[in-house]
Structure formats: structure tokens, C-alpha cells
Amino acid sequence: AQSVSQHNHHVILSEAASLELGCNYSYGGTVNLFWYVQYPGQHLQLLLKYFSGDPLVKGIKGFEAEFIKSKFSFNLRKPSVQWSDTAEYFCAVNAGGQNFVFGPGTRLSVLP
Amino acid sequence: DAGVIQSPRHEVTEMGQEVTLRCKPISGHNSLFWYRQTMMRGLELLIYFNNNVPIDDSGMPEDRFSAKMPNASFSTLKIQPSEPRDSAVYFCASSLEGVGPYEQYFGPGTRLTVT
């Protein structure tokens with residue numbers, strides 16, 4: 001069965017700091033990869049997705065993620081975070097069909 | 001597009017009462033998912049439907065939970081009888097499964113509190 005792990009439960013950064021959130025998955029075949037963001041009190045929204053092609057994917061709000069197949073990783077990055085990036089971030093993996101597995105989430109707190 | 005619509009947004013009920021949560025997926029989407037989110041367990045998939053048919057309900061906690069999708073534009077998640085440990089935010093999501101990959105669109109959630 002697929003599984004998704006996220007390295008950090010809670011990350012605390014100051015504004016303008018760089019961000020990298022780790023995501024690893026366990027599945028040997030072709031996967032589709034997603035990062036979702038959940039702002040406080042809101043629903044999950046798609047941040048970015050990787051289906052094929054360039055392994056460096058750019059999403060909304062200055063976020064990007066890099067798919068490294070050999071490491072089974074899809075880490076999320078942002079060069080300079082803002083207070084408004086405070087949210088919970090979920091990595092998700094789809095290995096075809098409707099089998100969609102979410103990671104446990106990483107809570108990001110950005111201090112002004 | 002109105003997005004995925006869920007009702008009610010908040011529900012407070014007493015233990016033992018029946019609770020019904022409702023979801024309207026995005027028009028044209030053919031797959032619908034029910035998730036539960038708690039601090040302790042994170043985001044859990046309860047059940048999903050494809051073309052109104054339940055495909056995988058292995059995440060449904062126990063017989064007190066049931067879900068239906070009578071047509072392509074409506075689904076319900078029912079808890080009977082409810083218990084305090086059912087308190088959580090319940091999300092509905094929909095997607096269009098077809099040729100090629102897809103993504104899930106989430107509704108605003110229903111925050112359920114069982115006292």
C-alpha cells in the first residue's frame with residue numbers, strides 16, 4: 001500500500017526565511033504528486049501538482065516543488081516566506097485511479 | 001463555478017442523536033470523496049464514490065457511519081448514533097476521473113461537535 005510521510009510536524013520561521021518542507025512516498029510505479037495548503041479555518045486548496053515532464057514544478061504564491069524520482073521525494077520550497085503563508089501543508093500521492101493518499105501534514109508558523 | 005458545497009457548516013448535537021452531512025460536488029465531476037480531519041489522526045479518507053457507486057468504504061470507522069450518493073449532484077454522510085469521538089471536521093471533495101491525471105477539489109467542510 002502507498003504511504004506518504006512528511007518530515008516535520010511543525011515548522012516555525014521568521015518572515016523572509018527560506019522554506020523547505022519534506023515529502024516522501026512509498027510506491028514504485030508512476031505517481032502523480034500534489035501539495036495542498038489549508039489556511040486556518042479553511043478547506044484544502046491545491047498549491048501545485050506534478051504529473052509528468054519538468055520535475056521542478058511552480059505553483060501559486062511563489063511556491064515550487066521538485067520531484068526526485070530516485071529519492072521518492074517531492075519537497076516543497078519557497079525562497080522567502082510571508083506571515084500569510086502560515087497554514088498547514090499536505091503532500092498527496094496518486095498512483096492512478098482514485099487511490100489518493102495524503103500525508104499527515106506539516107504546520108507552518110511564520111512569525112512577523 | 002460554485003465549487004463543492006457542504007451543509008451545514010457547523011453542527012452541534014448531543015450524543016446519541018443522528019447527524020446528516022450533505023455535499024454537492026462540482027457539476028460534471030464523477031468522483032466524490034468524504035474525509036474526516038482531527039488533530040489526532042489528521043486527514044482520513046472515509047469513502048469514495050465513482051459514478052455514484054461506492055468504490056472503497058474501508059475508511060468508514062464503524063457501522064454507525066453510512067454514506068449514500070443517490071445521484072451525481074448529491075451525497076450524504078450519516079452518523080447514527082453519534083458519539084463525542086465523532087467530533088471532527090468532515091470534508092467532501094470531488095474530481096473528474098477520466099483520461100489523464102486529476103486533482104481533488106475540496107468543500108469548506110462541516111465542523112461537527114458531539115457533546
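Values reported hereafter were calculated over all heavy atoms of this structure, with side chains retained and with hydrogens, waters and symmetry mates removed. In this text, all values refer to a predicted model and were calculated from it rather than measured experimentally. In what follows, chains are A, B, ... by sequence order, proteins preceding strands, each numbered from 1.
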So for Leu46(A), is it side chain, backbone, both, or neither that comes closer than 4.5 Å to the heavy atoms of chain B?
side chain

Verdict with reasoning, Arg107(A) to Glu88(A), per salt bridge (Lys or Arg N to Asp or Glu O under 4.0 Å):
CA-CA 4 Å; Arg107(A) 186 155 63 99; Glu88(A) 187 145 17; 5.8 Å; no

Is it the backbone or the side chain of Gln45(A) that comes under 4.5 Å from a heavy atom of chain B, or both, or neither?
neither

Go through Ser26(A) and Ser3(A) one step at a time and tell me if the side chain to side chain donor-acceptor pair (under 3.5 Å) criterion holds.
CA-CA 5 Å; Ser26(A) 64; Ser3(A) 66; 2.7 Å; yes

Would you say the side chains of Gln37(B) and Tyr35(B) form a donor-acceptor pair under 3.5 Å?
no

Are Ser73(B) and Asn71(B) close enough, and set up right, to give a side chain to side chain donor-acceptor pair (under 3.5 Å), and what steps lead you there?
CA-CA 6 Å; Ser73(B) 60; Asn71(B) 57 62; 2.9 Å; yes

Which region of Gln6(B), side chain (C-beta onward) or backbone (N, CA, C, O), has a non-hydrogen atom less than 4.5 Å from a non-hydrogen atom of chain A, or is it both or neither?
neither

Do you see a donor-acceptor pair shorter than 3.5 Å between the side chains of Thr106(A) and His10(A)?
no

Residues in residues 106-115 of chain B near chain A [non-hydrogen atoms, under 4.5 Å]
Phe106(B), Gly107(B), Pro108(B)

Consider only side-chain N and O atoms of His7(A) and Asn24(A), and report whether a donor and an acceptor are under 3.5 Å apart.
yes

Has Glu14(B) got more than 12 heavy atoms of other residues, nucleotides or ligands less than 6.0 Å from its CD?
no

